[in-house]
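Take a look at the structure set out below.
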Amino acid sequence: MALEEARTVDRPYVKMDITPDSLLGCRFFDHLERAERAHVVRYCEGRRYRPGVEIIRHGDASRDVYFILAGRVQASLLTASGKVVSFQELGQGEMFGELSALDGEPRSTSVVAIDETTLVRISGPNFKDLIARNAILAEQTLLRLCALSRFLCERAFEARAFHVPDQIRLEVARIISAHPSDGGGVTIQGPPTHAEIARRVGTTREQVTRVMREYAKRGLIEQTRKTWNVQDVRAICGEAGGSDS
């Protein structure tokens with residue numbers, strides 16, 4: 001099957017120019033030579049989405065694959081009662097949409113932009129052809145699927161093995177661990193809200209607030225509207241890793 005040139009459709013985004021060097025913003029393409037990136041970019045489309053805009057809708061038949069150059073997105077599902085269940089937050093350098101591109105099934109989750117987000121879009125047929133022709137891209141796809149499988153196994157285990165307060169502590173530790181530190185202190189800009197953490201764990205905002213107040217009383221985390229000032233990363237992550245109550 002021949003690769004098709006990228007085409008745009010009417011959607012709530014601004015089209016962006018993409019160059020071979022733009023693809024260096026995503027680790028999926030990091031190992032390609034510039035000539036290979038120049039070939040790939042012919043089939044790419046740059047898009048910028050505003051915060052809160054839905055990029056993928058659960059159940060859709062679309063097959064596009066997206067790569068995040070800047071910003072963050074949230075993958076989630078909506079229950080029949082209207083409750084939002086969040087699965088995974090993805091940031092710069094990561095990809096999403098590959099499952100439907102590979103198996104042809106409807107979208108498994110909805111994906112919404114958290115911040116202003118710049119993406120590279122490749123159509124599903126083009127993506128499949130690219131990974132069939134390039135061993136490096138095929139390997140990167142397999143690594144992404146392995147990471148996703150491990151992540152979902154971990155979350156399924158936590159939901160069954162730990163009580164809700166410990167699940168919240170694990171999620172807080174996961175957020176903190178994503179920011180480089182020496183095990184002492186770290187300042188996190190723009191952390192998830194208590195409501196967002198609750199959606200990830202499948203609980204209420206009030207439960208998250210209780211856990212965060214406990215950390216504050218112990219002097220482990222100081223919260224402002226836009227930051228977490230974490231005083232002891234090692235203590236928080238160590239406690240979360242040992243939770244089994």
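Below, all heavy atoms of this structure are taken into account, side chains as well, without hydrogens, waters or symmetry copies.
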**Study point:** Side chains of N229 and T187, donor plus acceptor under 3.5 Å
**Key:** yes
Review point. T203 pairs by side-chain contact (heavy atoms from CB on, under 4.5 Å) with which of R205, R199, Q207, R200?
Key: Q207
Check your understanding: From F29 CZ over to S22 OG, what is the distance, rounded to the nearest 0.5 angstrom?
Key -> 11.0 Å
Review point. Just one of I131, L137, L130 clears the side-chain contact (heavy atoms from CB on, under 4.5 Å) bar with N134, so which one?
Key: L137
Review point. With the threshold set at 4.0 Å, does a side-chain nitrogen-carboxylate oxygen contact exist between E206 and R210?
Key: no
Review point. Looking only at heavy atoms, what is the nearest atom pair of G97 and V65, with distance?
Key: O-CG2, 4.0 Å
Check your understanding: Do D60 and R57 sit within salt-bridge range, that is, some charged N less than 4.0 Å from a carboxylate O?
Key -> no
Check your understanding: Just checking, is any N or O donor in the side chain of E36 or H31 under 3.5 Å from an acceptor N or O on the other one?
Key -> no
Practice item. May I ask you to decide whether R174 forms a salt bridge with E89, counting only side-chain N to carboxylate O separations under 4.0 Å? Key: no
Review point. Are H58 and T109 linked by a side-chain donor-acceptor pair shorter than 3.5 Å?
Key: no
Practice item. Check L102 against F127 and note the closest heavy-atom contact, atom names and distance. Key: CD2-CE2, 4.1 Å
Study note, to complete from the structure: Correct closest heavy-atom pair for R37 and P20 would be NH1-O, 2.9 Å
Exercise for review: Say whether T118 and R47, considering side chains only, have a donor N or O and an acceptor N or O under 3.5 Å apart.
Suggested key: no
**Study point:** R27 vs Q92, side-chain contact (heavy atoms from CB on, under 4.5 Å): CA-CA, chis, key distance, verdict
**Key:** CA-CA 9 Å; R27 55 179 166 267; Q92 181 179 355; over 6 Å; no
Study note, to complete from the structure: Between the OG1 atom in T141 and the CD atom in E98, the distance rounded to the nearest 0.5 Å is 7.5 Å
